[in-house]
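Please read the structure below before turning to the comments.
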Amino acid sequence: MSTFIKGDVVVLSIWNGVDAYEPLACLTSNTLSETTNIIESQTKCSPGVIEKDAGSYSYELSAEGQCIDTTSVGGETAKVSYDKLRGLQGALQTWKMTTGIADTAAYYGSAIISDLEQSAEAGDTLLTFSASFSGSGLIVTVDPNI
């Protein structure tokens, strides 16, 4: 029988530059999207046959969540919310994403925060954020900070 993985165990975190990965605060969702470009070619050696090869690899991460105050006295300073993401935007960040898979604790990589948005609606709603990360290099299963 298959063991299903609950989405709430898959959490995106950012390396704090010193000693720990800090989770993105109060996430409502996070996504990892990997792409391999396909190179197509035709030759006279095999007329009418399209040959395909793997091309370049890239990935993107995205996250959405509720904002929390990580700066106030008693604030959740061990988490990353919109205010901290703003300070990290444009610089290469090391990230970790838990997997929920028994033999693979986490994925690791480096990415640049390419888009950051904060949404403040009127009425009885909470302040939310969304972030997109453009991957650099490969995704690995060994912590690069060990």
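Within the 4.5 Å cutoff, no side-chain heavy atoms of Val9 are placed close to those of Thr98. Two residues are said to be in side-chain contact when any heavy atoms from C-beta on lie closer than 4.5 Å; Asn145 and Thr94 meet this criterion. With a 4.5 Å cut-off on side-chain heavy atoms, Asn37 and Thr35 count as touching.
The CG atom of Leu61 sits 12.5 Å away from atom CD1 of Ile112, with the distance rounded to the nearest 0.5 Å. Distance OG/Ser41 to CG/Asp53: 6.5 Å, rounded to 0.5 Å. Atom CD of Glu64 and atom OG1 of Thr28 lie 5.0 Å apart (nearest 0.5 Å). Between Phe129 atom CZ and Ile68 atom CD1 the span is 8.5 Å, to the nearest 0.5 Å. A distance of 4.0 Å separates CD of Gln118 from CG of Leu127, quoted to the nearest 0.5 Å. Atom-to-atom distance recorded for Tyr59:OH and Ser136:OG is 6.5 Å, nearest 0.5 angstrom.
Remark: the backbone N or O of Ala91 is paired with a side-chain donor or acceptor of Gln93 at under 3.5 angstrom. Ser33 contributes no side-chain N or O that, together with a main-chain N or O of Glu60, makes up a donor-acceptor pair within less than 3.5 Å. The backbone N or O of Arg86 lies less than 3.5 Å from no partner atom in the side chain of Asp83, so there is not a single donor-acceptor pair. Looking at Ser114, its side chain does come within 3.5 Å of a backbone N or O of Ser132 through a donor-acceptor pair.
A salt bridge links Glu40 with Lys52: at least one charged nitrogen is closer than 4.0 Å to a carboxylate oxygen.
Heavy-atom minimum distance, Pro23 versus Val11: CB-CG1, 4.0 Å. Closest heavy-atom contact between Ile5 and Ile101: CD1-CG1, 3.7 Å. Between Ile39 and Gly55, the shortest heavy-atom distance links the atoms CD1-CA, 3.7 Å. Between Thr70 and Ser81, the shortest heavy-atom distance links the atoms CG2-CB, 3.9 Å. Here the closest heavy-atom approach between residue Gln42 and residue Val49 is recorded as CG-O, 3.6 Å. Across all non-hydrogen atoms, the minimal contact from Lys79 to Lys84 is O-NZ, 3.3 Å.
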Derivation and outcome, side-chain contact (heavy atoms from CB on, under 4.5 Å), residues Trp15 and Lys96
CA-CA 8 Å; Trp15 178 251; Lys96 168 186 174 181; over 6 Å; no
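Ring orientation note: the planes of Tyr108 and Tyr21 are tilted relative to one another, at an angle of 30° to 60°.
Of the listed residues (Val140, Ile139, Leu12), just one forms a side-chain contact (heavy atoms from CB on, under 4.5 Å) with Tyr107, and that residue is Ile139.
The hydrophobic clustering, which links ILVMFWY residues whose side-chain heavy atoms are closer than 4.5 Å, places Leu32 and Phe133 together. Placement of Leu116 and Trp95 within a single hydrophobic cluster is found when ILVMFWY residues are connected by side-chain heavy-atom separations under 4.5 Å, directly or transitively.
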